[in-house]
Number of protein chains: 2
Amino acid sequence: MPTALDIDRIFRALADGTRRDIVLRAIDAGEGVAELADHYPMSFAATQKHVAVLERAGLVTKERIGRRKVVRTNVEGLRVARRLLDHYEELWRGRIDRMTELVTDTKETPA
Amino acid sequence: MPTALDIDRIFRALADGTRRDIVLRAIDAGEGVAELADHYPMSFAATQKHVAVLERAGLVTKERIGRRKVVRTNVEGLRVARRLLDHYEELWRGRIDRMTELVTDTKETPA
DNA sequence: CATTAGTACAACCATACGGTTGTAGGAGTG
DNA sequence: CACTCCTACAACCGTATGGTTGTACTAATG
């Protein structure tokens, strides 16, 4: 079960356009850090830091292939976030249901 | 359609435990800012700032009721984030499908 | 084995963020 | 009207974040 800090890191990591783009590109899992860096108007080191943030959040993994380290997005990380949002929406639906139930009760036992 | 900055704000807003808790409590939409603040070990102003962050992200709205401003979570905001994660997972599935297809093609047209 | 490609990491800087206190405005209540 | 409750916002402070450059390690290549 992910801790609150895990959730913090996941959402924090997703709160940056460059990092979201890296997640997208890394779905096809072919590029190393340097290749990823070529896509962005920043230094290699900056990109490397973004990858590190994603890695700490569990959203990507790195695999050594030759002299490169290929970045691969980890769906399970994404699912942790999605499940939480699903849960929020469930609770929301529950609220609607409770309100409906309340109206029904009122109708069935009118004052 | 939400801009990249909108997405930034939404995920950023969700990257804090206090704010996520406010979103949860505000689903039942009954508490004003001061009442919310009572739940957390911080000043009223700090809580008020958190609510402001959520409001800017479109995750909650405030409605004046008497002298209070009742905070209510906005599901649509949550859905923006959820849809994005759904999309990422779809792309992931797409990758799997393409890999499977590749294998199938190889089997059907062997060298 | 010297060189080059790719990666990692430390040090540094400006700005953003999460907290504080203090002050001021808007809406009920005596 | 005076007062109190709730909210809003500015100013401030320490720390985290996103960027930079520079140095060092690892692995393929001549």
### Task
From the options D:dG19, D:dG18, C:dG18, select the nucleotide whose nearest atom is closest to the side chain of B:Asp16.
C:dG18
### Query
Would you call B:Glu90 and B:Arg93 a salt bridge, using N to O less than 4.0 angstrom?
no
Between the protein and nucleotides 7-10 of chain C, list every N/O to N/O distance that falls short of 3.5 Å.
| from | atom 1 | to | atom 2 | distance (Å) |
| --- | --- | --- | --- | --- |
| C:dT7 | OP1 | A:Val33 | N | 2.9 |
| C:dT7 | OP1 | A:Lys69 | N | 2.9 |
| C:dT7 | OP1 | A:Lys69 | O | 3.4 |
| C:dT7 | OP2 | A:Ala34 | N | 2.5 |
| C:dA8 | OP1 | A:Lys62 | NZ | 3.3 |
| C:dA8 | OP1 | A:Lys69 | NZ | 3.2 |
| C:dA8 | OP2 | A:Gln48 | NE2 | 3.1 |
| C:dA8 | OP2 | A:Lys62 | NZ | 3.4 |

### Rounded interatomic separation in angstrom, taking CD1 from A:Ile65 and P from D:dA28
11 Å
### Message
Rounded to whole Å, please give me the gap between CZ in B:Arg19 and C1' in C:dG19.
### Response
12 Å
### Query
Taking only residues two or more places apart in sequence, or in another chain, which ones meet A:Arg64 in a side-chain contact (heavy atoms from CB on, under 4.5 Å)?
A:Lys69
### Short N-O contact, B:Arg68 and B:Glu31, less than 4.0 angstrom
no
### Query
For A:Glu55, which of A:Lys62, A:Arg72, A:Lys49 qualifies under salt bridge (charged side-chain N to carboxylate O under 4.0 Å, His left out)?
A:Lys62
### Query
Roughly, in whole Å, what's the span from CZ in A:Arg9 to P in D:dT17?
10 Å
### Query
Between B:Asp6 and B:Arg9, does at least one N-O distance fall below 4.0 Å, as a salt bridge requires?
yes
### Query
Within less than 4.0 Å of OP1 or OP2 of C:dG19, is there a side-chain N or O belonging to B:Ser43?
no
### Query
A:Met42 has an atom CE; how far is it from atom C1' of D:dT21, in whole Å?
16 Å
### Query
Are the side chain of A:Arg82 and the backbone N or O of B:Glu89 linked by a donor-acceptor pair below 3.5 Å?
no
### Task
Figure out the CG/C1' separation between A:Asp38 and C:dA5, and round it to whole Å.
12 Å
### Query
When the nearest nucleotide of DNA chain D is assigned to A:Ala46 and to A:Gly66 on a heavy-atom basis, which residue is associated with the more 5' position?
A:Ala46
### Task
In whole angstrom, give the distance that lies between atom NE2 of B:His50 and atom P of C:dG18.
6 Å
### Query
Would A:Arg20 and B:Asp8 pass as an ion pair if we require N to O under 4.0 Å?
yes
### Query
Are OP1 or OP2 of D:dG18 and a side-chain N or O of B:Arg12 less than 4.0 angstrom apart?
no
### Summary
Between CG of A:Leu36 and P of C:dG6 the distance, given in whole Å, is 13 Å
